[in-house]
Structure formats: C-alpha cells, structure tokens
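None of these values were measured; they are calculated from a predicted model.
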Amino acid sequence: MNEVIRWCQDRSLRPLLVAASIVVLLAIGAAIAWSFGGREYDAHAVSLRLLQHAYDKVVPGKTSEFELAGLGFDQSRFQARVLSGLGVQEYFMTRTSAEFDRMDPAVKACFDASDRCTALVFPLAGRASGLMAANAAPATQGRVVFLIRSGRVAYKAVQGG
C-alpha cells in the first residue's frame with residue numbers, strides 16, 4: 001500500500017493521473033447526458049403529442065398515402081407495420097357478430113374489397129423515465145392506424161394506451 005502512495009506522490013505521474021481522472025469524469029458525464037438528453041420517446045415510434053396536428057390534418061377519403069409521409073407519418077422512420085388486405089381483416093376481426101355489425105363502415109368495406117385495402121400501423125411511444133430508461137426497451141402505449149383504400153386514407157384511429 002505504501003508503494004502505491006509513493007507511486008502516486010511522484011510528480012512525474014501527476015499529469016497522467018489528472019488526465020485519466022478527466023477522461024473518467026467525461027465518460028460518466030456523457031453517459032448521464034445520453035440517458036437524459038432527448039431520449040423521452042423511442043426513435044422508432046410516433047409521439048402523438050408531436051404529431052397531433054399532422055394527425056388532425058388527415059381527412060378520410062381525401063388524404064392520400066403519399067400525403068401521410070409528407071405530414072410526418074413516414075413508414076420507414078417509425079417502422080410502421082404495413083398490412084395487406086388479409087392482414088387488415090385479421091387486424092380488425094371482431095370476436096362477435098354484434099361487434100362486427102358495429103364496426104366502422106370504412107373498415108367493413110375493406111372486408112369486401114381486400115385487394116384494394118392496406119393498413120399502416122404506427123406504434124405510439126411511451127414516456128421513458130429514469131437513468132436506465134435509455135437502455136431499456138421503450139414502452140409502447142398504443143398505435144395510430146390508417147386504413148388505406150385505393151390509395152387514400154379511408155379510416156384513421158388512435159388505439160390503445
């Protein structure tokens with residue numbers, strides 16, 4: 001132990017020890033900043049708070065699939081699930097015939113014309129919290145769904161969460 005103290009007291013090693021201490025402090029600071037800085041939402045999920053105005057601009061029957069990307073609903077950026085006609089039927093299928101009867105008419109129409117319908121499902125980001133949240137898998141608190149029929153949005157909804 002005395003040898004370590006004598007080694008540290010040697011003036012030629014002080015600059016090296018100071019530099020090593022600074023590097024360690026910078027690494028800790030960077031880790032903390034990365035954990036808290038801007039990691040409030042998952043980069044691959046839509047923040048409804050941030051895209052609320054864009055969602056409100058989507059008009060069923062008028063907004064095209066191309067315009068969705070222009071409004072900020074970019075399929076590749078947010079890793080949206082793209083559902084085929086059969087996928088749309090599986091996604092919206094109800095458990096009872098009474099629930100099916102209450103289904104939105106635009107969704108029912110896609111059951112009859114599945115070759116012309118697709119759906120885009122965007123996960124909504126959950127709020128991350130705590131120091132370890134940046135490293136943990138973010139919680140998804142629902143989804144934004146756009147049903148596309150013949151190239152135009154036929155139905156939109158925010159589900160779950």
Side-chain angles (χ1 to χ4, degrees), residues 22-161:
I22 290 172
V23 168
V24 168
L25 290 174
L26 287 174
I28 291 170
I32 291 171
W34 183 72
S35 295
F36 288 113
R39 297 286 301 198
E40 189 172 296
Y41 295 96
D42 177 24
H44 299 295
V46 176
S47 167
L48 187 59
R49 183 179 61 86
L50 296 175
L51 291 176
Q52 183 66 49
H53 295 292
Y55 178 82
D56 291 341
K57 290 180 181 179
V58 176
V59 179
K62 295 187 180 192
T63 305
S64 70
E65 184 174 1
F66 177 77
E67 290 171 315
L68 280 178
L71 289 170
F73 292 98
D74 183 356
Q75 296 174 34
S76 60
R77 178 177 173 210
F78 294 116
Q79 295 183 353
R81 285 183 14 208
V82 180
L83 304 177
S84 66
L86 182 58
V88 168
Q89 290 179 2
E90 290 174 346
Y91 185 85
F92 286 100
M93 184 55 69
T94 61
R95 284 184 261 150
T96 67
S97 59
E99 289 173 346
F100 185 84
D101 290 341
R102 290 190 300 270
M103 186 182 292
D104 187 283
V107 177
K108 280 185 185 180
C110 279
F111 275 71
D112 294 332
S114 62
D115 59 323
R116 290 177 288 187
C117 287
T118 59
L120 302 174
V121 182
F122 293 90
L124 288 175
R127 188 173 180 85
S129 63
L131 182 61
M132 300 305 288
N135 297 325
T140 301
Q141 295 184 335
R143 56 209 160 274
V144 176
V145 179
F146 295 106
L147 186 60
I148 310 294
R149 183 172 180 191
S150 300
R152 299 221 173 264
V153 175
Y155 170 85
K156 68 177 187 175
V158 177
Q159 301 174 332

Q: Could you pull out all residues at least two apart from Asp104 that satisfy side chain to side chain donor-acceptor pair (under 3.5 Å)?
A: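 Asp104 satisfies side chain to side chain donor-acceptor pair (under 3.5 Å) with no other residue.
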**Q.** Partners meeting ring-ring contact (aromatic ring centres under 6.0 Å, His included) with Phe100 (sequence neighbours left out)
**A.** Phe111
With rounding to the nearest 0.5 Å, note down the distance linking [atom1] in [X] to [atom2] in [Y].
X: Ile148; Y: Phe66; atom1: CD1; atom2: CZ; answer: 13.5 Å
X: Arg95; Y: Glu99; atom1: CZ; atom2: CD; answer: 5.5 Å
X: Leu68; Y: Lys57; atom1: CG; atom2: NZ; answer: 13.0 Å
X: Thr94; Y: Asp101; atom1: OG1; atom2: CG; answer: 8.0 Å
X: Asp115; Y: Cys110; atom1: CG; atom2: SG; answer: 10.0 Å
X: Thr118; Y: Glu65; atom1: OG1; atom2: CD; answer: 5.0 Å

Q) Can you tell if the side chain of Leu120 reaches within under 4.5 Å of the side chain of Val144, non-hydrogen atoms only? A)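 No. Closest side-chain heavy atoms not under 4.5 Å.
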Q. Would you say the side chain of Gln159 lies within less than 4.5 Å of the side chain of Leu124, judging by non-hydrogen atoms?
A. no
Please give me the minimum heavy-atom distance between [X] and [Y], naming the atom from each residue.
X: Lys62; Y: Arg152; answer: O-NH1, 2.7 Å
X: Phe92; Y: Val145; answer: CZ-CG1, 3.8 Å
X: Arg149; Y: Ala113; answer: NH2-CB, 3.9 Å
X: Met103; Y: Lys108; answer: O-CE, 3.7 Å
X: Ala154; Y: Ala106; answer: O-CB, 3.3 Å

Q. Given Tyr91, which of Leu147, Leu83, Leu86, Val107 fulfils the side-chain contact (heavy atoms from CB on, under 4.5 Å) condition?
A. Leu83
Q) Taking the inter-plane angle between the rings of Phe122 and Phe146 on a 0 to 90° scale, is it parallel (under 30°), tilted (30 to 60°) or perpendicular (over 60°)? A)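 Because their plane-to-plane angle is over 60°, the rings of Phe122 and Phe146 count as perpendicular.
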Q. Can you check whether Pro60's main-chain N or O pairs, donor with acceptor, with Lys156's side chain at less than 3.5 Å?
A.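 Absent.
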